[in-house]
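Step one of this worksheet: look at the structure below.
In what follows, chains carry the letters A, B, and so on, assigned in the order in which the sequence lines appear, proteins first and then strands, with residues in each chain numbered from 1.
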2 protein chains.
Amino acid sequence: MVSRRNLTILDVAHTAGVSTATVSRALNGGKISTRTLLRVDDAVRKLGYQRNTLARGLVTGKTGIVGVCVPDVLGPLYAQMARGIEDVLTPLGMQYTLLTSSRDGGREGAATRFLLEQQVDGLILIGSQLSAPELTALVGDRPAVLVQREADATPYPTLSLDNAQGAQAALEHLFENGHRRVAHIAGVRRDGRARQEAYEGVMRAAGLTPVVIASDSTESGGTLAAAALADYPEATAVFCSNDRVALGLYHALRGRGVRVPEDLSVVGFDDLPWGEYLAPPLTTVRQPGREMGRLAARLVLGEKAVTESTSVEPELVVRASVCAPRGGDPSLPA
Amino acid sequence: MVSRRNLTILDVAHTAGVSTATVSRALNGGKISTRTLLRVDDAVRKLGYQRNTLARGLVTGKTGIVGVCVPDVLGPLYAQMARGIEDVLTPLGMQYTLLTSSRDGGREGAATRFLLEQQVDGLILIGSQLSAPELTALVGDRPAVLVQREADATPYPTLSLDNAQGAQAALEHLFENGHRRVAHIAGVRRDGRARQEAYEGVMRAAGLTPVVIASDSTESGGTLAAAALADYPEATAVFCSNDRVALGLYHALRGRGVRVPEDLSVVGFDDLPWGEYLAPPLTTVRQPGREMGRLAARLVLGEKAVTESTSVEPELVVRASVCAPRGGDPSLPA
DNA sequence: TTGAAAGCGCTAACAC
DNA sequence: GTGTTAGCGCTTTCAA
């Protein structure tokens, strides 16, 4: 049962009394008589043989593995994407290897190179920070998909959330509730910037003045932003670049005796799992992570027609962190 | 720059005017004259050569990869462990491949087999659900570490959190605050069971009656548990099997007008990132995920003396979800 | 210090 | 249906 040294198909062939080719066929579903198949199966079981994927991959030129590189393992969104990828790979008997770039271009490059040297059949790069030339030099003409990145100077298809649409939905919801003075707590990364730009655009289009508070996209960024928000007391609502910021904001607001949503309405972005359990449950924009994962996988496998860039629609999730502003439509600074 | 078909070291050898052996040596830091090293480097760069790890692994019998299998990617704790593993692997020029078992024995078996066939140098199985015989049959004598699993009938070292100690710390904190009627919302998995047993033991040792509410370790489990808790109104505190349950409990309690901690003290387990931002900030037991990851990696690489089983100490994180019960020490049911 | 050559374990023609 | 055999791309003796 326990292997001494390396068990190979030769051992199996031996104990089954057939050739290695036959064993290979048995293992891969080739033309085989039922009797020999049984014999081989027995031998495999008896020996506890496990095939060596390296050798197999070396000769077939395929590994059945898709490499996935995420910014960090910590994000629930990436986890959802991973599930989506799994959804399409598993029925195909394929697997994926997950690596993290730690939001660092150097590490991302190393991880990507590693995956490529691993001879992965395809590459899904999520939130890549590498420049277009770096990417092309590294990946060459291997199948790759860039997720959370807008169409680029790269030859690879991209898949991204329509951040503009999400921001617009959030703001419209706020407008419908009577808000006009809506501040934005901005994020730092690609997505954050896209959301900020959309926010500014929508505000201007509505004849309103954007007020942007810089932040680092984390809970503590949200907490810090609360202080900055105190300098803009006429704001009746805040659109946060993501849920984590909203969480930090909730916390700081509570400390300052500001009630959500009575004193200040809040909208998040992402729809992380804990959002609905907050007090009040957070109104937010959902990013369909799992679906994005599925799409990315199908794109990289070439199952879906590869258009230059695909974007998926976010969905507004209305819960309880938005209500009408206190004095109806506020006119001028207090 | 962009490879036509497969670029091999033969191509490199060719353009550098040396043999493949020399190229190999140059790539791996063997004895080489500086001049040829430079020539090879140039050729590599010029061609955009990337080594084929499969071939390399096939001949060396090592891949430099540690396989990691986690119950689900969604858990922040697993993410922290992954970071810990990375901490020790990266400086060694090694990598890890992450796979999920989706808390399903079948999928876990498949994932493990896949990693093994991948010829990983070691295996870190987190929260494995497989039985000892299944595990031994599958893994054989390859280096493996079982995380979040107590010492077993398996030949592999285990690494687990001292759940008993964590439960004890939580309960002692509650006792010190004057609580006697402490209920427990139990979890379903290994860890949950260990915590429940510890809870029961500590309660009995203190001459108190354990009250256990079954749950599924998720937010909705916590929400449901709130209803069950209504049948035990004399409880002044609840020890939750994890933070997610505590979150759901918070939510349901709020709906019922029960204040935390004034009406009911709550303690969680795990210390997930959002705990400190809740209202009130959650007192909980921290699981040192990153450190566990580091330990697991060192164990699997054989850097650390392999003792049969290692356990790491949890740490009580006191925040604001515990205070003295309302009427001091409650005596009898209402 | 470098090169020639023998495999690592497997699959895929090609014969039988 | 089954066996023979030539590699897949690389490292590693062994000689030179």
Check this for me, if you would: do B/Arg107 and A/Glu86 make a salt bridge, where the nitrogen-to-carboxylate-oxygen distance has to be below 4.0 angstrom? yes
Whole Å only: how far is the [atom1] atom of [X] from the [atom2] atom of [N]?
X       : N      : atom1 : atom2 : result
A/Arg35 : D/dT2  : CZ    : P     : 8 Å
B/Leu54 : C/dG9  : CG    : P     : 15 Å
A/His14 : C/dG9  : NE2   : C1'   : 16 Å
A/Leu27 : C/dC10 : CG    : P     : 9 Å
A/Asn28 : C/dT11 : CG    : P     : 5 Å
A/Leu58 : C/dC8  : CG    : P     : 13 Å
B/Lys62 : D/dT12 : NZ    : C1'   : 16 Å
B/Ile9  : D/dC10 : CD1   : P     : 5 Å

Nearest-0.5 Å distance that lies between atom OG1 in A/Thr310 and atom CG in A/Leu299: 5.0 Å
[N] OP1/OP2 closer than 4.0 Å to side-chain N/O of [X]:
X       : N      : result
A/Thr8  : C/dG9  : no
B/Thr36 : C/dT2  : yes
B/Asn6  : D/dG9  : yes
B/Thr20 : C/dG3  : no
B/Thr53 : D/dC10 : no
B/Ser19 : C/dA4  : no

Give the nucleotide from the list [options] with an atom nearest to the side chain of [X].
X       : options                : answer
A/Val59 : D/dT13, C/dC10, D/dT11 : C/dC10
B/Val18 : D/dT11, D/dC8, C/dG3   : C/dG3
B/Arg51 : C/dT2, D/dG7, D/dC10   : D/dC10
B/Ala21 : D/dT12, C/dT2, C/dC10  : D/dT12

B/Lys31 or A/Val23: which one's nearest nucleotide on DNA chain C is closer to the 5' end? B/Lys31
Give a yes or no answer on whether the side chain of A/Thr53 reaches the backbone of B/Glu117 with a donor-acceptor pair at less than 3.5 Å. yes
Less than 3.5 Å apart, any donor N or O on the side chain of B/Gln118 or B/Thr97 sitting next to an acceptor on the other? no
Check the side chains of A/Asn28 and A/Arg56 for a donor-acceptor pair under 3.5 angstrom, ignoring hydrogens and angles. yes
Select base, sugar-phosphate, or nothing to describe what A/Ser33 touches, counting heavy atoms under 4.0 Å on all strands. sugar-phosphate
First encountered from the 5' end of DNA chain D, between A/Thr22 and B/Tyr49: A/Thr22
Yes or no on side-chain contact (heavy atoms from CB on, under 4.5 Å) for A/Ser309 and A/Glu150, after CA distance, side-chain angles and deciding distance? CA-CA 7 Å; A/Ser309 100; A/Glu150 318 273 315; over 6 Å; no
